[in-house]
A.B. asks: 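Sending over a structure as structure tokens; questions will come in a sec.
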Amino acid sequence: MIKFIDSLKNLKGKRVLCRFDFNVPTDEHGNITDDVRIRRALPTINYLLDEKAKVVILSHRGRPKGKRLPEFSMEIVAKRLERLIKKDVIFIDDCIGDKVKEAIDNAPDESIIFLENLRFHPGESKNDIEFAKELSKLGDIYLDDAFGNAHRSHAANVAITEVMPISVGGFLMKDEITYFNRALQNPLRPLVAIVGGAKVSDKLGALENLVDRVDKIIIGGGMAFTFIKALGISVGKSLCELDLIGKAIDIIKKAKDKNVKLYLPVDCVVAKEINVNADVKVVPIKEIPDEFMGLDIGPATTTLFSEVIRDAKTIVWNGPMGVFEMEIFARGTMSLVHSVANTYALTIIGGGDTDVAVHKAGEVDRMSYISTGGGAFLHLLEGKELPAVVALENSKF
Ligand code: AMP
């Protein structure tokens, strides 16, 4: 059983070593373009401050591969956190060592101390126990709220739980696990999965696992064309992974055997190129011209998919229905976001592109839960355990 943050009380004088996933996107000038990951950490940080702890923050950003690269410094994140939380944040330019420990020990209770990028040290990505031991000197309690990194076995989320006396999950970790379990471990049915995005190869594990668990599965986006091709239908120049046609046939067959309803697009928006000025037309799925590619689901498919989800009690969605980054190919994804929002189901949105689509459609508040972890969420959809969650389960406290 994992212990969560709310089991911690009265933390005066305690140093809580917190792992967050503050791997925020930046533009070409190094400015943060989306700070939702920082905002989602605020309930945990505020709780710890209310309990009078010292909050010591660990995170990574980018892939500096064990080298100290200034473009991946955590300092910009520390500054943004300072603005969002409206409290001083002490930034320290390393994450291990005597000087870091001294600075933490000298800081008053209820202060926030933000340490430099974990991945500036090679031991982090290697799950090195010696590096974890160095980190452990900086805290009395370990807290993991980095769901976005939970599918990785790294020192500051796995090895560290072996050397800290107390390890707990934060509020974000708790929400992510709770909502996912409600959706897939013990769901209200019908349970519908919507899977989209570019390639079957990226989602094959998820599709194979979902077909065992759901009542209906909707497949859209570029990946649908491999399935359509598997049915013997010509897909023109659409994305199609010929080497996965056999796997697609297996999934279609398994769905049939298990009485899982599998839905594919019946029409699509096609163009000769992926371009905002492209000439587009809507065609039935059996009439994609040779030189065209399918780049969005068509209106008949939107109606069909909306009908399919209408009676759902639980919906899990990962991956867009088309190249939604361009307005001319976004209509299918946007319409489906509204349809999902209009259901009375528990609606769980996988991270990454689907999250962006829900934001674009202005439906964030009408979804039950939007996950912060693209890779970690997909890992769960594949039916795999998350190493960081297993580490918390196995920890001493
Ligand atoms: P994923 O990261 O696998 O969820 O894929 C998301 C990407 O798939 C988005 O960038 C979309 O533009 C892309 N995508 C969705 N549908 C299609 C399609 N029909 N053809 C090409 N790319 C697509």
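As the structure lists them, so they are numbered: ligands from 1, and atoms in each ligand from 1. The residues of the chain are indexed from 1 along the displayed sequence.
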A.B. asks: With heavy-atom distances below 4.0 Å as the criterion, list the atoms of ligand 1 near L295.
C.D. replies: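 Checking each atom against L295, I get 19 (N), 20 (N).
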A.B. asks: Are L231 and F225 linked, directly or through intermediate hydrophobic residues, by side-chain heavy-atom contacts shorter than 4.5 Å (ILVMFWY only)?
C.D. replies: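 As far as the 4.5 Å side-chain criterion goes, L231 and F225 are connected within one cluster.
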A.B. asks: Would A198 count as being in polar contact with ligand 1, using the rule that some N or O on each side must be under 3.5 angstrom apart?
C.D. replies: yes
A.B. asks: Within the 3.5 Å criterion, strictly below it, is a donor on D355 or H359 matched to an acceptor on the partner's side chain?
C.D. replies: yes
A.B. asks: Of the choices L378, V323, D353, which has the non-hydrogen atom that lies closest to atom 6 (C) of ligand 1?
C.D. replies: D353
A.B. asks: Can you label the angle between the F114 ring and the F91 ring as parallel, tilted or perpendicular, going by 30° and 60°?
C.D. replies: tilted
A.B. asks: Side chains of H60 and R19: is there a donor and an acceptor less than 3.5 Å apart?
C.D. replies: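 Looking only at side-chain atoms, R19 and H60 do form a donor-acceptor pair, the distance falling under 3.5 Å.
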A.B. asks: Short N/O distance, under 3.5 Å, between N318 and ligand 1?
C.D. replies: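 In this structure, N318 places no N or O atom under 3.5 Å from an N or O of ligand 1.
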A.B. asks: With backbone taken as N, CA, C and O and side chain as the heavy atoms from C-beta onward, which portion of L239 lies under 4.0 Å from ligand 1: side chain, backbone, both, or neither?
C.D. replies: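 The answer is the side chain.
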A.B. asks: If you count the atoms of ligand 1 from 1 in the order shown, which ones are under 4.0 Å from a heavy atom of G221?
C.D. replies: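 Contacts of ligand 1 toward G221, numbered from 1: 16 (N), 19 (N).
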A.B. asks: Between the candidates P320, G322, G294, G220, which shows the shortest non-hydrogen contact distance to atom 19 (N) of ligand 1?
C.D. replies: G294
A.B. asks: When rounded to the nearest 0.5 angstrom, what is the spacing between CZ in F292 and NZ in K272?
C.D. replies: 5.0 Å
A.B. asks: Should the pair D109-K52 be classified as a salt bridge under the 4.0 Å nitrogen-to-oxygen rule?
C.D. replies: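 Salt bridge absent between D109 and K52.
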A.B. asks: Are any of the N/O atoms in G222 less than 3.5 Å from those in ligand 1?
C.D. replies: yes
A.B. asks: Near E325, which atoms of ligand 1 are under 4.0 Å from a heavy atom of that residue?
C.D. replies: 9 (C), 10 (O), 11 (C), 12 (O)
A.B. asks: Whether the side chain of N23 engages the backbone of G62 through a donor-acceptor N/O pair (distance < 3.5 Å, no angle test) should be reported.
C.D. replies: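 Yes.
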A.B. asks: Using heavy atoms and a threshold below 4.0 Å, how should the contact between M223 and ligand 1 be classified: side chain, backbone, both, or neither?
C.D. replies: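 The answer is neither.
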A.B. asks: Looking at L135, D105, D94, which one forms a side chain to side chain contact (heavy atoms under 4.5 Å, CB included) with V100?
C.D. replies: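 Testing each of L135, D105, D94 against V100, the sole residue satisfying side chain to side chain contact (heavy atoms under 4.5 Å, CB included) is D94.
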A.B. asks: Any non-hydrogen atom of K203 lying under 4.0 Å from ligand 1?
C.D. replies: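 The answer is yes: ligand 1 sits under 4.0 Å from a heavy atom of K203.
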